[in-house]
Protein chains: 2
Amino acid sequence: MAQNKKAEFSEADQKIADLARVLGHPARIAILRILAEKNTCICGEIVEVLPLAQSTVSQHLKELLQAKLIQGTVDGLKSCYCINHETVTEFSKELDFLFKDLLTQPNCCN
Amino acid sequence: MAQNKKAEFSEADQKIADLARVLGHPARIAILRILAEKNTCICGEIVEVLPLAQSTVSQHLKELLQAKLIQGTVDGLKSCYCINHETVTEFSKELDFLFKDLLTQPNCCN
DNA sequence: AATGCATATCGTAAATATACGATATAGTCA
DNA sequence: TGACTATATCGTATATTTACGATATGCATT
């Protein structure tokens, strides 16, 4: 049981859902905020600030990378992450469309 | 291990993350779209349209309810769900603020 | 009262996510 | 070269999510 049925939904909804899922953990939102604030792209500082082990932070960074919400370049010893403006902007637009769709009809349960 | 550390993040980020997590499955986005389109609030029709068992759809509805993304009233035999405009609107605004925060600084990794 | 219908809940199996410590990797500096 | 540092990956325990069938609930109709 519990086979994955996500693939049976529309591409568009899968795409939104996948990005939403990645935003669906407060640690990842916190990481995004940190990267956005100090755009010097440090990574070790994230570990200092968050109540998580270094390996856990690294895992969250990997998820954010895979979703392309951030981009990273390895700069010698310390790797350099920052917000991927393009993905964030596109996701923001897609959500706007979704929410507009959800709000067009009047609410029938009032 | 794997104790839940979500509570150690800011209230605001927890709130956004929780709603994002609920949007993080294409079935739930599809359900929202269906409810938004035909605002007659049927429930059985969702089961017909989606590639999921009735009990699974019911579970997804419960999650959407708990997140207050939808509201439901039991109308005799068939229960009646619809979009909760208030929550959707508020979530939309909160995401706008978040995305604005994430995009203020120029991207340093270019 | 008995039957039928729509929906919710329970029980459960499997998949995935979360978190950590330990270890590997790879650059830097003495 | 060797030690140190930063980050990534591995292994693993536990928690949570996803999905289903079976069953319960509760209204409606006969």
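Each chain gets a letter, A, B and so on, in the order the sequences are listed, and its residues count up from 1. Treat the numbers as computed from the prediction; the structure is a model and nothing was measured.
Within a 6.0 Å radius of NZ in Lys5(A), other residues, nucleotides and ligands contribute more than 12 heavy atoms. Sparse packing is recorded around CD of Glu86(A), with 12 or fewer heavy atoms of other residues, nucleotides or ligands lying under 6.0 Å away. Counting heavy atoms of neighbouring residues, nucleotides and ligands inside a 6.0 Å radius, atom CD of Gln66(B) exceeds 12 of them.
With dG21(C), dT9(C), dA8(D) as the choices, the nucleotide that has an atom nearest any side-chain atom of Ala53(A) turns out to be dG21(C). Here dT9(D) is the nucleotide among dT9(D), dT18(C), dT16(C) with the atom lying nearest to any side-chain atom of Ser55(A). Here the side chain of Leu52(B) is nearest to one of dT18(C), dA22(C), dC20(D), namely dC20(D). Residue Gln59(A) places its side chain closer to dT18(C) than to any other of dT18(C), dA8(D), dA19(D).
Put simply, CG on Leu61(A) is 16 Å from C1' on dA17(C), counting in whole angstrom units. Atom CD of Glu8(A) is separated from atom P of dT18(D) by 15 Å (rounded to the nearest Å). With rounding to whole Å, Tyr81(A) atom OH is found 9 Å from dT7(D) atom P. Taking atom CG of residue Leu23(B) and atom C1' of nucleotide dT18(D), one finds them 17 Å apart after rounding to whole Å. When rounded to the nearest whole Å, the span between CD1 of Ile31(A) and P of dA8(D) equals 11 Å. Across the protein-nucleic acid pair, Gln66(A) atom CD and dA17(C) atom P stand 10 Å apart, rounded to whole Å. Taking atom CG on Leu64(B) and atom C1' on dT18(D), their separation rounds to 14 Å, with Å as the unit.
The residue among Gly44(B) and Arg21(A) whose nearest nucleotide of DNA chain C is located toward the 5' end is Gly44(B). Nearest-nucleotide assignment on DNA chain C puts the 5′-proximal partner with His25(A), out of Gln54(A) and His25(A).
The pair Asp13(B)-Arg33(A) meets the salt-bridge criterion, since a charged nitrogen lies less than 4.0 angstrom from a carboxylate oxygen. Ion pair Glu90(A)/Lys68(A) not flagged as a salt bridge, since none of the NZ, NE, NH1 or NH2 atoms sits closer than 4.0 Å to an Asp/Glu carboxylate oxygen.
Note on Glu63(B): only backbone sugar-phosphate atoms sit closer than 4.0 angstrom, heavy atoms only; bases stay farther off. The residue Ser79(A) sits close only to the backbone: its heavy atoms come under 4.0 Å of sugar-phosphate atoms, none of a base.
Proximity of Lys5(B) to the phosphate of dC20(C): a side-chain N or O atom is located under 4.0 Å from OP1 or OP2.
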